[in-house]
Structures are given as structure tokens and as C-alpha cells.
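The structure appears below as C-alpha cells.
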Amino acid sequence: MLAAYLSPGASQDPGRLALVPSSEVTLLAGPVRVPAQRMACWKVRLETTDCRPLELTLDRQSFEKELAAGNRYQPVSTTRSPLEWNPVPTDFGT
């Protein structure tokens with residue numbers, strides 16, 4: 001599952017978030033857009049067992065995110081894209 005959240009002060013509409021197609025990633029479902037939470041989600045499958053960049057677009061701007069898949073822990077980038085992305089929530093409604 002890939003989720004992209006816009007920060008509360010972002011002027012863009014999360015409905016315009018798009019995942020750029022790639023031969024290394026299969027789109028299984030989505031996007032599911034939740035404007036009230038300023039987010040969009042996709043169910044994806046990585047076709048390799050390592051880290052791969054994913055490209056998201058929003059209003060002619062591109063953002064790269066890394067996705068890791070495999071049988072072991074693989075850290076990905078600890079930095080966030082610079083423009084109006086929100087940190088990933090950690091409480092998940094608990």
C-alpha cells in the first residue's frame with residue numbers, strides 16, 4: 001500500500017495526485033482519494049525484491065518516493081519531498 005498525504009497548509013487538491021506508471025511496479029488498485037484527509041492511496045506490487053523509486057506527480061511537479069520489498073528489512077530514504085508533503089502518521093487511529 002502506498003499512501004501520499006499533503007500537509008494541512010498545502011494549496012493543492014489531493015485529487016490531482018497521480019502515480020506515474022513503471023515497469024517495476026504493478027498497480028493493483030487505486031487511486032483511492034480521501035480529500036477530507038488530504039491523501040491518495042494505491043495498492044501496488046513491486047516486481048523486484050529491492051528498493052525502487054516511485055514517481056508521484058501533482059500539478060506538473062514530480063516527487064520521488066522509495067518503495068522496498070523483499071524478505072528482509074530494507075531502510076529507505078529518511079527525507080521527505082520538499083513541497084507540502086506531510087509526515088506519515090504513526091498512530092493509525094489507535
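Each residue takes its place number in the sequence, starting with 1.
- Hydrophobic clustering places L27 together with F63 (ILVMFWY residues linked when any side-chain heavy atoms are closer than 4.5 Å, directly or through intermediates).
- For T57 against S62, the heavy-atom pair with the smallest separation is CG2-OG, 3.8 Å.
- Remark: S22 engages no residue in a side-chain hydrogen bond (donor to acceptor under 3.5 Å, both in side chains) (not counting sequence neighbours).
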Let me check something: any side-chain donor-acceptor pairs from residues 40-47 under 3.5 Å, sequence neighbours excluded? List them with distances.
residue : atom : partner : partner atom : Å
R45     : NE   : E47     : OE2          : 3.1
R45     : NH2  : E47     : OE2          : 3.3
E47     : OE2  : T26     : OG1          : 2.3

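- Taking both residues in full, the closest heavy atoms of R33 and R16 are given as NE-N, 4.4 Å, listed atom of the first, atom of the second, then distance.
- Note on L2 and V20: separate hydrophobic clusters, where clusters join Ile, Leu, Val, Met, Phe, Trp and Tyr whose side-chain heavy atoms are under 4.5 Å apart, directly or indirectly.
- If you take CG on L19 and NZ on K65, they are separated by 13.0 Å, rounding to the nearest 0.5 Å.
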